[in-house]
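The structure presented is a predicted model; accordingly, all values stated were derived computationally and were not measured.
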Amino acid sequence: MHTNEFEAAFSDFLERHEYDEAENYLFSMVRLAFAAGWKAAGGAPPKAERLFELIVPRKEENPAESE
């Protein structure tokens, strides 16, 4: 078992920007390794996908201007 002091320090560590950055790099490495194994086993390579899409609302005509 860990002490409350340890748990508090670990929690503070997880809240840091550096941890988020390291976690992102680790995820990218794991994904690349999985994709390489998948492809080596005869699977189709992953397709590029949009992560997000901006939706721009249409400009509606002002009813007062159209009369």
Side-chain angles (χ1 to χ4, degrees):
M1 289 282 173
H2 296 288
T3 65
N4 288 341
E5 182 182 3
F6 173 88
E7 295 298 336
F10 185 61
S11 180
D12 290 343
F13 169 74
L14 294 177
E15 295 296 324
R16 296 181 58 174
H17 169 74
E18 291 84 1
Y19 173 78
D20 291 337
E21 188 175 347
E23 184 180 35
N24 286 335
Y25 285 125
L26 181 58
F27 175 81
S28 294
M29 289 187 325
V30 169
R31 181 163 167 65
L32 287 171
F34 181 84
W38 178 270
K39 192 174 178 182
K47 296 178 184 177
E49 297 180 18
R50 289 185 182 177
L51 297 178
F52 59 89
E53 181 177 349
L54 296 178
I55 300 174
V56 181
R58 295 182 186 169
K59 291 184 179 180
E60 295 183 25
E61 291 185 26
N62 188 343
E65 291 178 2
S66 62
E67 291 179 6

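Leu26 belongs to a hydrophobic cluster whose other members, connected by ILVMFWY side-chain contacts under 4.5 Å either directly or through intermediates, are Met29, Val30.
Residues forming a ring pair (Phe, Tyr, Trp, His ring centres under 6.0 Å) with Phe6 (at least two apart in sequence, or on another chain): His2. When the ring pair (Phe, Tyr, Trp, His ring centres under 6.0 Å) test is applied to Tyr25, no partner is found at least two apart in sequence or on another chain.
Listed by first and then second residue, the side chain to side chain donor-acceptor pair (under 3.5 Å) pairs that reach into residues 10-19 are Arg16-Glu18, sequence neighbours excluded.
The neighbour count for Asn4 CG, taken as heavy atoms of other residues, nucleotides or ligands under 6.0 Å away, does not exceed 12.
Scanning both residues, Leu14 and Asp20, for their nearest heavy atoms gives O-OD1, 4.3 Å.
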